[in-house]
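Chain naming here is simple, since letters A, B, ... match the order of the sequence lines and numbering starts at 1 in each. In this text, all values refer to a predicted model and were calculated from it rather than measured experimentally.
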Amino acid sequence: MTPADQTSSPEGNADRPPVVSTEMSTQDAQSSPRRSYLYYRHSLPVRLMHWTNVVALTILLMSGLQIFNAHPALYWAGKSSYTGKPPVLEIGVRKASEGAQAGYVGYTRILGREFDTTGVLGLSKSADGRLSARGFPWWITVPDDPWLAMARLWHFFFAWVLLINGLVYVMYSAGSRHLSRDLAPDRRDWRSIGQSIRDHLRFRHPTGDAAKRYNVLQKLTYLIVIFVLLPLIILMGLAMSPWMNSVLPGWIDLFGGRQAARTIHFVAAWLLVAFVAIHVFEVIVSGLWNHLRSMVTGRYRIVEERHDLN
Amino acid sequence: MTSTDGRRRFLARTLGAIGTLALGGCEKLSRSEWFPRVLGAGEAASSTVAHAMTSRRSMAQEFAEADRSPTFRSNGTAEPDSDAYREIAANDFASYRLVVDGLVEAPAHLTLADLRAIPSRTQITRHDCVEGWSAIAKWKGARLAALLESVRLKPDARFAVFHCADPMAEDGTDLYYESIDLEDAFHPQTILAYEMNDAALPIANGAPIRLRVERQLGYKHAKYVMRIELVQSFAHIAGGKGGYWEDQGYQWFAGI
């Protein structure tokens, strides 16, 4: 039984070396002919740009949270922070109310609802163990301790790394047909969407030739991250720049103004975190070492499907 | 099988090493002498590209009266802790003199009345703080371009340095200062504001005058300006980075 019958032709991969090595598996080759071989799945430029993104996005998130800590509040309506309306999100510290244990509590207020987030948000232990008032805790920020100037240095350097890496990636993907061949969904992909959702929910992953190509949910997710989420987060970063505002005065009002842009920037960052969490989860459940090898050396082990002869 | 185990161990160790490097390494790099200088390439690139994407006179967004913030937040110094400042503030800044000197043909000492006689500009703009908040207010002030034309710059003048009255150290030293280049100094929206929201500029917001340089972040907008010095280089002033916050590691180009 094969999980999906959509496979067999190694479509569009004719110009790549499809079979790098063929070796018999350690199983009894005579009675059970399950052959496996290493398939060249990721080109060197894609691998390099993937790991560059890992470094850049990690540092951008952590330095970004340190920058956020300098004013741990987000606004939505209005053209500035101080419009007479409260922030939509606020992280802070206040004296504990009477009856509660003495001292301070860290709180997070979202749309007027307050949550006690002592220990993580608002009030947390610093690296040396002392309790300190800060938005996000030390272990998720770069640098560890409140240091806005240094966080900005990290953030803007790696923003350029991300931007240049992204532009090179898009040019490479268009030029090498990685985009049209591997990422653009074809008619068969669109038809298999329901099946792909069911497969993902059951943690069933393609084998054989189907494992050589991205599945439709994977394609759509990558396309959204590459062409929606990343451009949006960069644009919203630029919207916070007073100098870039002057390129075309008022353009940031299309997104609700500078403070709304800052909120969108923050939300987009956490959407990227959610993407990475799901991405890493899928990598783990569908073969961590195989995937890691293929993103390091390019070679992914394909176990051939058994074709029973009735 | 053993070769697979070896590979797995190698990968696990590699990942562990990368993780340790990422967390501990960033701290060490931040505190090193050389790495922040490497990171500074980001600021240089931002400044170059931002200038290339805009004309010298690209205008900051201006707003309607209704967009003004109910209260305009005072940040940094709210009242300069200096006897010299208290003395001029005591008689409503009647004895205030703005000194304009350095690389100019005609150094000047200007009273508030002199400043009010210079062609002015009124603008409702958004003040963007490096911390992430912003506030909108209406400003009226003398156009810096008109002032600089009247004192006639020498050809080697490249920067305007703003020396302020507020000490940043508790012992009364480390006076705040800032600097901008001539592109910003001659920008139409760059003014020495003496009014905020149709009233005399409050002390909390920089009385008697503060700089408005609208395409840059708040720390560039020096308050309590006492002296404008035209220089070729600011390397010899205080920490040499062109401003109080720049000397603490903030970017000189504060447009982003």
Side-chain angles (χ1 to χ4, degrees), chain A residues 26 54-55 58-59 62-63 67-75 78-84 127 139 142-145 147-161 164 237-238 240-253 257-259 262 288-289 292-293 296, chain B residues 1 4 7-8 11 14-15 18 22-23 26-27 29-31 35-36 38-43 45-47 49-51 53-55 58-63 67-73 126-136 189 214-217 245 248-251 253-256:
Chain A
T26 50
V54 171
V55 173
T58 305
I59 290 174
M62 297 176 83
S63 57
I67 294 171
F68 171 87
N69 277 359
H71 185 74
L74 295 171
Y75 309 83
K79 293 183 175 176
S80 72
S81 305
Y82 299 102
T83 58
W139 45 265
V142 166
D144 288 359
D145 284 325
W147 191 359
L148 177 58
M150 186 55 68
R152 282 168 56 84
L153 275 174
W154 282 95
H155 203 73
F156 297 137
F157 182 88
F158 282 93
W160 278 110
V161 172
I164 292 166
L238 290 173
M240 283 185 263
S241 151
W243 197 282
M244 294 310 288
N245 280 193
S246 76
V247 169
L248 193 69
W251 72 267
I252 62 167
D253 286 351
R258 184 192 194 232
Q259 296 308 129
R262 185 166 170 266
L288 173 63
W289 303 111
L292 265 182
R293 188 206 305 105
V296 174
Chain B
M1 279 296 131
T4 312
R7 239 177 294 156
R8 289 181 183 188
L11 277 171
T14 308
L15 284 178
I18 290 169
L23 285 170
C26 289
E27 268 327 280
L29 289 172
S30 295
R31 283 163 212 287
F35 195 70
V38 174
L39 293 179
E43 179 200 356
S46 301
S47 174
V49 173
H51 280 84
M53 285 183 73
T54 49
S55 77
S58 71
M59 299 292 272
Q61 185 175 5
E62 296 192 20
F63 297 86
D67 294 325
R68 288 184 296 164
S69 301
T71 54
F72 192 86
R73 178 171 167 176
R126 195 188 60 229
H127 182 89
D128 294 339
C129 181
V130 67
E131 294 169 348
W133 54 269
S134 55
I136 296 174
Q189 286 171 317
E214 303 291 357
R215 294 182 300 182
Q216 303 221 34
L217 295 172
W245 287 113
Q248 323 294 315
Y250 284 86
Q251 292 79 10
F253 173 66
I256 201 152

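- Note on V130(B), T54(B), L39(B): by heavy-atom pairs under 4.5 Å with chain A, the leading option is L39(B).
- Scored by the ring pair (Phe, Tyr, Trp, His ring centres under 6.0 Å) test, F35(B) finds W154(A) as partners (sequence neighbours excluded).
- Both the backbone and the side chain of L148(A) come within less than 4.5 Å of a heavy atom of chain B.
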Assess whether side-chain hydrogen bond (donor to acceptor under 3.5 Å, both in side chains) is satisfied between E214(B) and Q61(B), documenting all intermediate values. CA-CA 9 Å; E214(B) 303 291 357; Q61(B) 185 175 5; over 6 Å; no
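- Taking P36(B), A254(B), S55(B), A41(B) one by one and counting their heavy-atom pairs under 4.5 Å with chain A, the maximum is reached by P36(B).
- You'll find the side chain of V55(A) reaches within 4.5 Å of the side chain of F158(A), heavy atoms only.
- For the 3.5 Å distance criterion, the side chains of R215(B) and N245(A) fail to qualify, holding no donor opposite an acceptor.
- Using modelled atom types, one finds a donor on one side chain and an acceptor on the other under 3.5 Å when comparing S134(B) with Q259(A).
- Both the backbone and the side chain of S30(B) come within less than 4.5 Å of a heavy atom of chain A.
- Comparing H127(B), R73(B), E62(B) by how many heavy-atom pairs each has under 4.5 Å with chain A, the most go to R73(B).
- Side-chain contact between D253(A) and K79(A) is present, with heavy atoms from C-beta onward closer than 4.5 Å.
- Of the atoms belonging to W139(A), it is backbone heavy atoms, and not side-chain ones, that fall under 4.5 Å from chain B.
- Contact annotation for Q248(B): only backbone heavy atoms (N, CA, C, O) come within less than 4.5 Å of a heavy atom of chain A.
- Top candidate by heavy-atom pairs under 4.5 Å with chain A, chosen from S46(B), A60(B), C129(B), is S46(B).
- Under the ring pair (Phe, Tyr, Trp, His ring centres under 6.0 Å) criterion, F253(B) pairs with W243(A), H51(B), sequence neighbours left out.
- N69(A) does not touch chain B: none of its heavy atoms, backbone or side chain, sits under 4.5 Å away.
- Of the atoms belonging to F68(A), not a single heavy atom falls under 4.5 Å from chain B.
- For the pair F63(B) and R126(B), the minimum side-chain heavy-atom distance is below 4.5 Å.
- Checking side-chain atoms of E27(B) against main-chain N and O of D144(A) turns up a donor-acceptor pair under 3.5 Å.
- Side-chain contact annotation: S246(A) with S58(B), donor-acceptor N/O pair under 3.5 Å present.
- For the options G78(A), A70(A), P242(A), S241(A), heavy-atom pairs under 4.5 Å to chain B are most numerous at P242(A).
- For chain A, the nearby parts of V38(B) are the backbone and the side chain; heavy atoms of each come within less than 4.5 Å.
- Contacts of I252(A) with chain B are made by side-chain atoms alone, with heavy-atom separations under 4.5 Å and no backbone atom involved.
- Looking at R152(A), the atoms closer than 4.5 Å to chain B (heavy atoms on both sides) sit in the backbone and in the side chain alike.
- Both the backbone and the side chain of Q216(B) have a heavy atom closer than 4.5 Å to some heavy atom of chain A.
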